[in-house]
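All values reported here derive from a predicted model rather than from experimental measurement. Every number for a ligand or one of its atoms is a count from 1 in the order of the listing.
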Amino acid sequence: MNKITVSAPGKLMLLGEHAVVYNRPCLVTAVGQRMYATIESLVEPVFELEATDVKVTGYKKPLAQLGEGEIFKGAMFVGIAVKNFTKKYAIRGGVRITTKSEFSSLFGFGSSSASTVCVIKGLAELTNTKLNNKEIFDLAYKTVLEIQGKGSGFDVAAAIFGGTIYFVIGGKVIEPITTESLPLVVGYSGIKADTVTMINQVAQKFADSPKKAEKILNAIAQLVNQAKQALIAKDWESLGKYMDMNQDYLRDMGVSTEKLETLIFAAKKAGAWGAKLSGAGGGDCMIAITPEDKVENVKQAINQAGGKVIDVTINVEGVRIEK
Ligand code: PMV
């Protein structure tokens, strides 16, 4: 075998963003939109990348020089993933990687992590290296940290394991939660947020008032644990209430925006049980937990408020070999 295609799902944070960076748990769900990576062996020891979704075409670099000097932003995660894999497990020759995403990298669905996971899984298969999911997690998380410097790895876990997960930083806990359904409406704010900027902003705020920070973090952790029970019990109304409360803390932390607040308010007014931002904040998406008979109203309200509804399915498979 000298060519393989692997796919991994995107994700949405349900509750616990930011707090998860401070060793509190979070809840994340994988979504039906997937990232695909085709990996081909090459005789020449080079790294080639075609990632048209992020405007990378014809990128080529000697394998031995990966990670050295400037690396084009769009090629970064895939390139460093290849570097880390080849450093740990020898490969013969080089690789050509082609990525294709079913979702925009602007949504905050975790395209970088999903592509990192695809590359590591694909290289393992191609080179007959037996890696279990935790080993894939560790290498993918190391890659993300090497580039971003910060982050919990929740998006890496969602890409690998799929489904809905109760997660603690670094994969200390990765607990799947059985949820066949989750009445979720997603609205994109139209603004791309930068995760690291938002993490730094929160860190600054927490450093200014550490006592208050502790209180907020513990309160969010409690909400996440309550929400986990609500998820298991399919008690959507309570889940909505916990999301609302989580949003209050996120607002207090300064990561919500006027646009997100407008969309959240619109969703609630149209009958959602609860709504909040999802992910780092500063833009990206909001989510609303919504009674079945109100879904259309909520979607309409989000669109009318200037958001863009994104249909997602949940309970999806994690990383997998396509062909
Ligand atoms: O917007 P995203 O998908 O990068 O989510 C960030 C969530 C944080 O908790 C702020 C960071 C993290 O890695 O957990």
closest protein heavy atom to atom 9 (O) of ligand 1 is H18 N, 2.8 Å
- Please say whether K11 places an N or O atom under 3.5 Å from an N or O atom belonging to ligand 1. yes
Side-chain donor-acceptor pair under 3.5 Å between Q226 and S238, yes or no? no
Here the atoms of ligand 1 under 4.0 Å from any heavy atom belonging to V20 are 9 (O), 14 (O)
Here the atoms of ligand 1 under 4.0 Å from any heavy atom belonging to G151 are 13 (O)
Contacts satisfying ring-ring contact (aromatic ring centres under 6.0 Å, His included) that involve residues 285-323 (not counting sequence neighbours) are none
For ligand 1, which is the ligand I care about here, please tell me if E17 has any N or O atom under 3.5 Å from one of the ligand's N or O atoms. no
Can you tell me if CD on E175 sees more than 12 non-hydrogen neighbours from other groups inside 6.0 Å?
yes
Does a salt bridge link K134 with D138, judged by any charged N lying under 4.0 Å from a carboxylate O?
yes
Between E317 and R34, is there a side-chain N and carboxylate O pair less than 4.0 Å apart?
no
Numbered in order shown, the ligand 1 atoms found under 4.0 Å of a heavy atom of D284 are 1 (O)
So the atoms of ligand 1 within less than 4.0 Å of a heavy atom of G108 turn out to be 3 (O)
shortest atom 7 (C) of ligand 1-to-protein heavy-atom contact is with F154 CE2, 3.7 Å
Output side-chain donor-acceptor pairs under 3.5 Å for residues 273-295, partner residues at least two apart or in another chain, one line each.
unit_1	atom_1	unit_2	atom_2	d
K276	NZ	L14	O	3.0
K276	NZ	E17	OE1	2.9
K276	NZ	E17	OE2	2.9
S278	OG	M13	N	3.1
S278	OG	M13	O	2.7
D284	OD1	A193	N	3.2
T290	OG1	A288	O	3.4

query: Below 4.0 angstrom, N of the basic side chain to O of the carboxylate: do E214 and R24 qualify?
result: yes
Per-atom filter on ligand 1: closer than 4.0 angstrom to a heavy atom of V21 are 9 (O), 11 (C), 12 (C), 14 (O)
### Task
Ignoring hydrogens and angles, state whether a donor on the side chain of T179 or T164 is under 3.5 Å from an acceptor on the partner side chain.
yes
re atom 13 (O) of ligand 1, the protein heavy-atom contact at minimum distance is S152 N, 2.8 Å
The atoms of ligand 1 lying under 4.0 Å from a heavy atom of T195, numbered in the order shown, are 1 (O), 2 (P), 4 (O), 6 (C)
Going by the 4.0 angstrom heavy-atom rule, the piece of V202 near ligand 1 is neither
Would you check if there is a donor-acceptor pair between the side chains of N84 and T143 at a distance under 3.5 Å?
yes
re atom 6 (C) of ligand 1, the protein heavy-atom contact at minimum distance is A280 N, 3.5 Å
